[in-house]
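These notes concern the structure reproduced below.
Numbers restart at 1 for each chain; the letters A, B, ... are given by sequence-line order, proteins then strands. If you're wondering where the values come from, they're calculated on a predicted model, not measured in any experiment.
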Amino acid sequence: MASALARPLITVYSEKNEKTGTSLHLPVVFKAPIRPDVVSFVHHQMSKNRRQPYAVNKDAGHQTSAESWGTGRAVARIPRVRGGGTHRSGQGAFGNMCRGGRMFAPTKTWRRWHRRINVNQRRFALVSSIAASGVPALVMSKGHMVHDIPELPLVVSDKVQSFNKTKQAVIFLRRIKAWTDVQKVYRSRRLRAGKGKMRNRRRVQRRGPLIIYGEDQGLKLAFRNIPGVDVCSVKKLSLLKLAPGGHVGRFIIWTESAFRALDAIYGTWSSPSSEKKDYNLPTPKMTNTDLSRLLKAEEIRKVLRTPHKRPVRAVRKQNPLRNVRAMLKLNPYAAVLKRKAILTIQKKHLDKQEFLAKKTGVPLQKTKQQVRYEQLIQKRKEAIQKSKAAKPKTAKKAKKAPAAK
Amino acid sequence: MQNNDDIVWSIINKSFCSFKVNTKTQKFCRHEYNLTGLCGRYSCPLANSQYATIREEKGIIYLYMRTAERTAFPNKSWEKVKLSRNFEKALQQINENLLYWPNYLKQKCKQRMLKITQYLIRMRKLTLRRQKKLVPLQRKIERRENRREEKALIAARIDTAIEKQLVERLKKGVYGDIYNFPQVAFTKALASEEVQEESDDEREEEYNEGGREEEMEEETRAALEDATEYVEAESDDEDMESDEEHEFTDEGPEESEVEDIEDMARPSTSKGKKSKVSVEYELEEALPEKTKVKNRV
């Protein structure tokens, strides 16, 4: 299994969608860790930087000399406008609840509009979004129609940079099969929902492909009139273009020179960036992220101890009041009690028989239990006496359990 | 770059996926190559580089396969295998092609193929039955069109058009002598026609005729009510046949003169029974007599 850091070859395509002979190594940027959380955060902060301040007039609501009438006049204590002769006199002023009063917490121009983001974070986000643009799944999930393009990341020959007619640009996009993405932009053109309509943000549309060039020889002019298509120089990549909406995975079309320049701009892990001072690509937390594969890998399994697998079987509970063995497990003395109970019953029964026999004068049969019982007792007595006799002889040698009575 | 599946899934699942459709109970996947139609770790075509689906195009079922090596080339990533029309053979083909593939994919492919064959059979059966097509009506459009119809009907002013047509025909003489018009009405109309023709030469004829005709109509209507009363019986006329209508007997000579003139003026229209209607002036005089006659009748 090839290492995750292996660098595949990317073929460069001509502007007519034919493979040119050149193939480039994938720049290491594309191996950078993809961190949608970092991208989202940085994008969020960055998007605040283009804002223009808004505020209400600082005098608004205060251009009256209103004074409260105080208590005792059967009116609310809100400051009221002085004087007379007009509707305005006696009306409430100054409060946010009053008509013509100042608003609650009037907005100020010195609100903190812009945010600073750490340089490294900015670069991290950028690098992440470039890496994500190389994953076809992420580009597709973002919604770009890239199912017909020849390769991802898509690198095109430098001839594209010298396009100066939109017609050429359109033909090129058609050939490369990126036109479906542009068509999607066309279909998505609609009016904005909400008040933005009357605030100069009337129309909305989707984002299409982004074209990153090394040198502008007219390319900007050619592509600028195509809706959805953005154009960007490698030297000035912006997160707002690479991850619009804070989501990774924009469809990017690289020109050859731009692609080549990436290694120098962002560095590889082994060599730092030559364009950026003191910068190297972020190291990922995991080099191999395929968790399912890792868990099955021999190298890892060898090092782990054997799992403790004791199957817990469900034991059916036996009721000790009905099940003798269950009772005996809990209370072994119960056997003794039970036996005793049985014997007393038996004895009583036999005594009764004897008594009856005596009373009626009918002698008990030999087979009768009472007779046998007496015989048994007799035998036992004899056995005990025997053992008692034998006991003093063998007491020193070994234990001998006396005959049970 | 290799084996991004887990990363991809963690991104797609947690944040945004353009194919995901969320319902209260389930997550669906709108991706065309999705095997189950649900959004899940092992059924997502984006999060599994090794993937297989069954799809149907125009009644033919294909097995699509994709391996990890080909994910970078979206153009060529899907390998298409046509499956046999025999279900069992198709199952064997799936087994063959997806040998050593994860069981989940094999199982789901077979299930999907079964479903597809079933619905194809159903489709074929349906086409043999009645081919009624349900066409939904759009309420808004229907309402709009109805209202427009009504308005068009009103705007066409069919009544007036019919009127015009009929009167024109009448004038032309299409109806011959069918209709009886009360004398008064007709003469009036004629008179007004002549007057108008003399006075308004510049105006279009149609306009005039329309006016006249309207007048005529009104008069005929008004006169018709009085018509029966004012019909005379004239012993001088040879043509008079119906004695029942005669109510006046005394008006003979004066009226006959007037009637002659009127006969000349009138082209052809006259009552079937050729009873002549008296001129207004005379009528007024005749009023008291009329009443007498009425009483008699």
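Only the backbone of A:His147 comes within less than 4.5 Å of a heavy atom in chain B; its side chain stays farther off. When heavy atoms are compared at a cutoff of 4.5 Å, A:Ser292 approaches chain B by way of both its backbone and its side chain.
In the displayed structure, A:Lys19 atom NZ is contacted under 6.0 Å by at most 12 heavy atoms of other residues, nucleotides or ligands. In A:Arg203, the CZ atom is not crowded: 12 or fewer heavy atoms of neighbouring residues, nucleotides or ligands sit closer than 6.0 Å. Environment of NZ in B:Lys80: crowded, with over 12 heavy atoms of neighbouring residues, nucleotides or ligands closer than 6.0 Å. The local environment of NZ in B:Lys76 is crowded, with over 12 non-hydrogen atoms from other residues, nucleotides or ligands closer than 6.0 Å. Other residues, nucleotides and ligands contribute at most 12 non-hydrogen atoms within 6.0 Å of the CD atom of B:Glu88. Enclosure of atom CZ in B:Arg139 is not indicated, since only 12 or fewer non-hydrogen atoms of other residues, nucleotides or ligands lie within 6.0 angstrom. Atom CZ of B:Arg85 has 12 or fewer heavy atoms from other residues, nucleotides or ligands within 6.0 Å.
The residue among A:Pro33, A:Ala137, A:Ser40, A:Gly245 with the most heavy atom pairs within less than 4.5 Å of chain B is A:Ala137. Taking B:Trp78, B:Phe73, B:Phe19 one by one and counting their heavy-atom pairs under 4.5 Å with chain A, the maximum is reached by B:Phe73.
Here the shortest heavy-atom pairing between A:Pro136 and B:Ala72 reads CG-CA, 4.2 Å.
Screening B:Ile11, B:Leu46, B:Asn4 for a side-chain contact (heavy atoms from CB on, under 4.5 Å) involving A:Leu138 leaves a single residue, B:Ile11.
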For this session: Could you walk me through whether A:Asp290 and B:Asp6 pass side chain to side chain contact (heavy atoms under 4.5 Å, CB included), step by step?
Result: CA-CA 6 Å; A:Asp290 194 1; B:Asp6 281 319; 3.4 Å; yes
For this session: Apply side chain to side chain contact (heavy atoms under 4.5 Å, CB included) to the pair B:Asn75 and A:Ile149, showing each step before the final yes or no.
Result: CA-CA 5 Å; B:Asn75 223 355; A:Ile149 57 172; over 6 Å; no
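Side chain of B:Ser18 to backbone of A:Ser141: a donor-acceptor contact under 3.5 angstrom is found.
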